[in-house]
Amino acid sequence: QVQLMESGGGLVQPGGSLRLSCAASGGIFRLYNMAWYRQAPGNQREWVAFIGRSGTTNYADSVKGRFTISRDNAQNTVYLQMNGLKVEDTAVYYCNGNYDKVYWGQGTQVTVSS
């Protein structure tokens with residue numbers, strides 16, 4: 001049974017930084033494409049960043065140049081480094097994995113506020 005668990009969210013001021021982590025268990029992590037999504041109140045869940053099996057990355061235009069996704073297959077963990085945070089980045093951030101099925105974490109709250 002694949003489990004994904006996010007951590008690292010919290011309250012940060014505009015312009016600040018956070019690093020989110022997603023720890024995976026129950027599967028062969030290196031086979032999974034991984035991604036981060038986010039959802040703000042009243043909005044649909046939106047894709048933020050992607051990292052493939054080999055480390056290929058892609059980003060939503062809204063976060064390009066500010067966020068960096070990475071993975072450590074030895075640690076079964078994917079990261080999202082968020083720099084230059086803006087108020088509009090406030091959302092619950094979800095970890096996503098895809099191989100045999102689609103898996104979701106429970107989410108971690110990121111609040112950007114003065």
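A donor-acceptor pair under 3.5 Å links the side-chain atoms of Glu6 to the main chain of Gly107, judged by distance alone. Within the 3.5 Å criterion, the main-chain N or O of Ser54 finds no donor-acceptor partner in the side chain of Arg71. For Thr90 (side chain) and Val112 (main-chain N/O), a donor-acceptor pair under 3.5 Å exists by modelled atom type. Put simply, the side chain of Asn43 never gets that close to the backbone of Ala40: no donor and acceptor are under 3.5 Å apart.
In plain terms, the two heavy atoms of Gly84 and Ser17 that are nearest each other are N-OG, 4.3 Å. Contact between Leu80 and Ala49 at its shortest, heavy atoms only, is CD1-CB, 4.1 Å.
To the nearest 0.5 Å, atoms CD (Gln106) and SG (Cys95) are separated by 12.0 Å. Rounded to the nearest 0.5 Å, atoms CZ (Arg45) and CG (Asn96) are 9.0 Å apart. Once rounded to the nearest 0.5 Å, the distance linking CZ of Phe67 with CZ of Arg38 reads 5.5 Å. If you take CH2 on Trp36 and CE on Met82, they are separated by 8.0 Å, rounding to the nearest 0.5 Å.
By the 4.5 Å heavy-atom criterion applied to side chains, Tyr99 and Val2 are not counted as neighbours. Within the 4.5 Å cutoff, no side-chain heavy atoms of Ile51 are placed close to those of Thr56. Contact check for Asn58 versus Trp47: side-chain heavy atoms found under the 4.5 Å cut-off. Between Leu4 and Trp104 the shortest side-chain heavy-atom distance does not fall below 4.5 Å.
Residue Gln44 places its CD atom among 12 or fewer non-hydrogen atoms of other residues, nucleotides or ligands, all under 6.0 Å distant.
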Please report, to 0.1 Å, the donor-acceptor pairs under 3.5 Å made by any side chain of residues 18-33, with sequence neighbours excluded.
unit_1: Tyr32; atom_1: OH; unit_2: Asp100; atom_2: OD1; d: 3.0
unit_1: Asn33; atom_1: OD1; unit_2: Arg53; atom_2: N; d: 3.3

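There is no side-chain donor-acceptor pair under 3.5 Å between Gln75 and Asn73. Side-chain N/O atoms of Thr77 and Asp72 include no donor and acceptor closer than 3.5 Å.
Electrostatic pairing of Lys86 and Asp89 does not count as a salt bridge here, judged by no charged N lying under 4.0 Å from a carboxylate O.
Hydrophobic clustering of Ile, Leu, Val, Met, Phe, Trp and Tyr side chains at less than 4.5 Å, counting indirect connections, unites Phe50 with Tyr37. Residue Val78 is grouped with residue Tyr103 when hydrophobic side chains (ILVMFWY) are merged at heavy-atom distances under 4.5 angstrom, including chains of intermediate members.
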(request) Take Tyr59 and Ile69 through the test side-chain contact (heavy atoms from CB on, under 4.5 Å) and record every step on the way to the result. (result) CA-CA 8 Å; Tyr59 300 92; Ile69 188 171; 3.5 Å; yes

